[in-house]
Amino acid sequence: MSKTAITSDRAPRAIGPYSQAVRAGDLVFCSGQIPIDPATGELVAGGIEAQTAQVIKNLSEVLSAAGASWNDVVKTTIYLTDLADFAVVNQVYGAAVGGVLPARATVQVAALPKGSAVEIEAVAHLSR
């Protein structure tokens, strides 16, 4: 099985030695996105709601570059620096994913890159 790197100029560039996403067969593995505004390279202001919305937007752009959408996502992992933000993240996330909800894990971590409060990674299945 071959694998192909997926990139989008509409999402933040990788800040390390990894791809924004990799397609392997019918699966697309999206690296974790943090709330970086791709235009400025900086974290968005506005708290956990704004940060989660930016993460969803960034993931949407990467999914789109792979020919996928949130309807194709089968698994996500959400990383939070504070589980007290769970309800707000759930609200923003829930509005974006719709359809058949992906399987998901949510974990609290000590820290995330660039001081982000949230990071989300996703796996999508392309049936086309």
Side-chain angles (χ1 to χ4, degrees):
M1 173 184 320
S2 65
K3 62 181 186 176
T4 305
I6 305 296
T7 59
S8 172
D9 292 336
R10 298 174 58 102
R13 290 184 298 141
I15 56 176
Y18 59 89
S19 298
Q20 288 174 324
V22 172
R23 180 171 180 173
D26 291 341
L27 296 174
V28 177
F29 298 87
C30 297
S31 294
Q33 287 289 322
I34 60 174
I36 293 177
D37 179 338
T40 66
E42 300 296 325
L43 285 178
V44 296
I48 191 65
E49 187 171 356
Q51 284 198 8
T52 304
Q54 185 65 50
V55 168
I56 296 293
K57 181 178 179 188
N58 292 345
L59 271 172
S60 296
E61 294 296 347
V62 174
L63 287 165
S64 178
S69 73
W70 281 100
N71 288 331
D72 301 304
V73 174
V74 295
K75 172 72 168 81
T76 61
T77 305
I78 300 175
Y79 303 94
L80 298 173
T81 57
D82 188 348
L83 277 177
D85 292 331
F86 185 81
V88 173
V89 171
N90 241 5
Q91 182 179 19
V92 176
Y93 172 91
V97 296
V100 175
L101 299 173
R104 184 181 93 182
T106 303
V107 296
Q108 180 172 315
V109 295
L112 289 167
K114 297 195 172 245
S116 171
V118 59
E119 178 174 350
I120 303 174
E121 65 181 18
V123 178
H125 178 262
L126 300 176
S127 56
R128 322 173 201 31

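Quantities reported herein were computed from a predicted structural model and do not represent experimental measurements.
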> If every non-hydrogen atom of Gly67 is compared with every non-hydrogen atom of Asp72, which pair is closest and at what distance?
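Looking at all heavy atoms of both residues, the shortest contact is O-OD2, 4.5 Å.
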> With clusters defined by side-chain heavy atoms of hydrophobic residues (ILVMFWY) lying less than 4.5 Å apart, directly or transitively, does Leu101 cluster with Leu63?
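Looking at the clustering, Leu101 is in the same group as Leu63.
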> Return yes when atom NZ of Lys75 has more than 12 non-hydrogen atoms of other residues, nucleotides or ligands closer than 6.0 Å, and no otherwise.
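Yes.
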> Does a side-chain heavy-atom distance below 4.5 Å link Ile56 with Trp70?
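Ile56 reaches Trp70 side chain to side chain.
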> Does CD belonging to Gln108 count more than 12 external heavy atoms closer than 6.0 Å?
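Above 12, so yes.
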> Is there a path of hydrophobic side-chain contacts, each under 4.5 Å between heavy atoms of I/L/V/M/F/W/Y residues, joining Ile6 to Ile120?
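No; tracing contacts between hydrophobic side chains, which count when under 4.5 Å, never links both residues.
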> I'd like to check Arg104 versus Asn90 (side-chain heavy atoms, cut-off strictly below 4.5 Å). Are they in contact?
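Heavy-atom side-chain distance check passes, below 4.5 Å.
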> If two hydrophobic side chains count as joined below 4.5 Å and joins carry through other members, does Ile78 share a cluster with Ile34?
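No, Ile78 does not connect to Ile34 through the hydrophobic network.
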> If we ignore hydrogens and angles and just use 3.5 Å, is the side chain of Gln20 paired with the main-chain N or O of Pro12 as donor and acceptor?
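Yes; at least one donor-acceptor contact below 3.5 Å.
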> How about Asp9 and Pro38: do any of their side-chain heavy atoms sit closer than 4.5 Å?
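Counting from C-beta outward, Asp9 and Pro38 never come under 4.5 Å.
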> Please walk me through it: do Val109 and Glu119 pass side chain to side chain contact (heavy atoms under 4.5 Å, CB included)?
CA-CA 10 Å; Val109 295; Glu119 178 174 350; over 6 Å; no
> Quick one, Thr77 and Val123 - any side-chain contact, counting heavy atoms below 4.5 Å?
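Contact flag for Thr77/Val123 side chains = no.
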> Does the side chain of Asp85 reach to within under 4.5 Å of the side chain of Gln51, using non-hydrogen atoms?
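Side-chain contact under 4.5 Å: no.
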> Under 3.5 Å, side chain of Ser31 to main-chain N/O of Ser19, donor-acceptor pair present?
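Side chain of Ser31 to backbone of Ser19: a pair is present.
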> Test of understanding: clusters of I, L, V, M, F, W, Y form through side-chain heavy atoms closer than 4.5 Å, transitively. Do Leu83 and Val88 belong to the same one?
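In one cluster: yes.
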> Could you check if a side-chain atom of Thr106 sits within less than 4.5 angstrom of a side-chain atom of Leu80, using non-hydrogen atoms only?
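When only atoms from C-beta onward are counted, Leu80 and Thr106 do touch, with a gap below 4.5 Å.
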> For Val28 and Ala21, which heavy atoms make the closest approach, and how far apart are they?
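So the minimum-distance heavy-atom pair works out to CG1-CB, 4.1 Å.
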> Considering all heavy atoms of both residues, which atom of Glu121 and which atom of Cys30 are nearest to each other, and what is their separation?
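Between these two residues, the closest heavy atoms are CB-O, 3.5 Å.
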> Check whether any side-chain N or O of Arg13 sits under 3.5 Å from a backbone N or O of Ile15 as a donor-acceptor pair, and report yes or no.
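Not a single qualifying donor-acceptor pair exists.
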> Answer whether the closest heavy-atom distance between the side chains of Leu43 and Ile36 falls below 4.5 Å.
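Yes. Closest side-chain heavy atoms under 4.5 Å.
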> So if you build clusters from Ile, Leu, Val, Met, Phe, Trp, Tyr with side-chain heavy-atom gaps below 4.5 Å, do Val97 and Val55 land together?
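Yes.
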> I need the minimum non-hydrogen distance between Pro35 and Val118, along with the two atoms involved.
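Residues Pro35 and Val118, closest heavy atoms: CD-O, 3.4 Å.
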> Between Ala68 and Leu126, what is the shortest heavy-atom contact and its length?
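Nearest pair, atom of Ala68 first, then Leu126: CB-CD2, 3.4 Å.
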> For the atom pair NZ (Lys114) and CD (Glu42), what is the distance rounded to the nearest 0.5 Å?
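Here the interatomic distance stands at 6.0 Å.
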> Is Ser64 reaching over with its side chain to a backbone N or O of Ser60, donor-acceptor style, under 3.5 angstrom?
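Checked: no pair found.
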> Looking at every non-hydrogen atom in both residues, tell me the closest pair between Thr76 and Ala122 and how far apart they are.
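Looking at all heavy atoms of both residues, the closest pair is CG2-CB, 4.0 Å.
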